[in-house]
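Below is one structure; the comments refer to it alone.
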Amino acid sequence: MRMPRVGVTCYASQGGSGVVATELGLNLARRGCEVHFISSELPFRLKHYDQNIFYHKVEMPLYPVFQHSPYTLSLATVMSEVATRYDLDLLHVHYAIPHTASAYLAREMVKPRRLPVVTTLHGTDITLVGQEPSFFPITRFLIEQSDAVTAVSGFLKEETIRVFGIGESIQVIPNFVDARVFKPLTDLGRRERFAGEDELVVMHASNFRKVKNVTAVVEVFARVVREHPARLLLVGDGPELVTVRDLVASLGLTDRVRFMGQFDRLEEILPVAHVLLLPSLHESFGLVALEAMACGVVPVATDRGGAGEFIQDGINGFLRSPDDIQGMAAVILELARDPDLTQQIAEDARRDAAGEFGVGCVVKTYLELYESLLSGG
Ligand code: GMT
């Protein structure tokens, strides 16, 4: 049987859903699938092409009559054109709103040819955006209309069932990491560019939205640095950046905290850390924590959501409530004082990330899903 030809749509900007979509596409292409990315911009992790990778830009024309460009319709048009021109077997969209709506329209437009739609739910498409009254009914409709729906964690599947009253058939396919790309530091000199030899390096990386609870990162760090020499590296950018900067200054931490800005190649900076702190208010998965684990960095992550599906508290990382500032600081201080414990947890973290959550296992599961859909299963 020939390998599937897949149209992939995701948000192109920084964010885990775009990372998962891009890495999945690249890995499918390596396995012989023809992968067509269809989006408004080149996805930020799409750094290399090969013969099976195609990119189709969605233009967004503005006419005086429009207040906003109807992106959903432009996307549906490009999806249907690409599906016809390249004889696509299916569309796989990441993040339900509005991508599944466009895919649904494209599927109707190309009839009678068959064009199954796979939707991967990532998180806030269900936990926040999808629950806005103006999006709730259409999110529910789009989940029902997809030919297959996957969720990145059991938590997200259960949330979908709880909130929308549908979704029993959702398949949980966890996020994944390429442990050949995300790997521990080999040159310790790289860490010394950011911190002294005796200093603990704590890192946070996110899109600095409220849900990421970045102010808690600073509060935890303030407690840690009172008792142990440490540095905080903040990677990313977003709406909370100014608030976080102000908090750092008001706590007198400016000399200890470095704002790294947006960093496309996370694998280059993550291994510099000893600890990755992710105290989100909720996190359907928390991909950066898995990427940190693959780098041998100990995750201290939120216990609200799906992170507990790959982090075992006290074994390969730590889970704490997002408002437990004292508890997160205590765990980080314990690690700072016990390098052997840190080393043990870091090794277990890497082993677990590279195993069940390694790219090979998970990409194979997606391929099996495509094959079952295409064979009518
Ligand atoms: O945070 C978001 O809402 C955006 C979304 C994204 O595009 O990065 O993040 C979600 O998808 C990631 C990839 O599956 C997950 O790792 C994140 O946990 C999830 N974010 C939340 O649930 C808050």
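Indexing begins at 1, ligand by ligand and atom by atom, following the structure's order. Atoms considered below: every heavy atom in the structure, side chains included; atoms not considered: hydrogens, waters and symmetry mates.
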Atoms of ligand 1, numbered as shown, that sit under 4.0 Å from any heavy atom of L287
16 (O)
State if H94 counts as touching ligand 1 under the rule of any non-hydrogen atom under 4.0 Å.
no
Any donor and acceptor pair, going by atom type alone, linking the side chain of R30 with main-chain N or O of G25 inside 3.5 Å?
no
Expected output: side-chain E368 to main-chain T365 donor-acceptor under 3.5 Å
no
Taking only non-hydrogen atoms of N175 and a 4.0 Å limit, the atoms of ligand 1 in range are 13 (C), 14 (O), 16 (O)
Report yes or no: does a heavy atom of G286 sit under 4.0 Å from some atom of ligand 1?
yes
Kindly say whether I345 contributes a backbone atom to a donor-acceptor pair with the side chain of R350 at under 3.5 angstrom?
no
Examine distances only and state if a side-chain atom of Y95 and a backbone atom of G18 form a donor-acceptor pair shorter than 3.5 Å.
no
Polar contacts were defined as any N/O atom of the residue lying under 3.5 Å from an N/O atom of the ligand; does this apply to G18 and ligand 1?
no
Atom indices of ligand 1, in the order listed, that fall short of 4.0 Å to a heavy atom of R209:
1 (O), 2 (C), 3 (O), 4 (C)
Would you find a donor on one side and an acceptor on the other, under 3.5 Å apart, between the side chain of R258 and the backbone of L233?
no
Check ligand 1 against G15 and write out every atom of the ligand that is under 4.0 Å from a heavy-atom position of the residue.
6 (C), 7 (O), 8 (O)
Taking the ring centre of each residue, are H92 and Y366 less than 6.0 Å apart?
yes
Looking only at the aromatic ring of each residue, does the gap between the centers of H56 and H36 stay below 6.0 angstrom?
yes
Is there a side-chain contact between S153 and P174 in this structure, where contact means two heavy atoms from C-beta onward sitting under 4.5 Å apart?
no
Ignoring hydrogens, just give me the one of H282, E283, R304 whose non-hydrogen atom is nearest atom 18 (O) of ligand 1.
E283
At under 4.0 Å between heavy atoms, what of T127 touches ligand 1? The answer is neither
So for ligand 1, is V20 a polar contact partner (N or O within less than 3.5 Å, distance only)?
no
How does V152 reach ligand 1, by side chain, by backbone, by both or by neither, if only non-hydrogen atoms under 4.0 Å count?
side chain
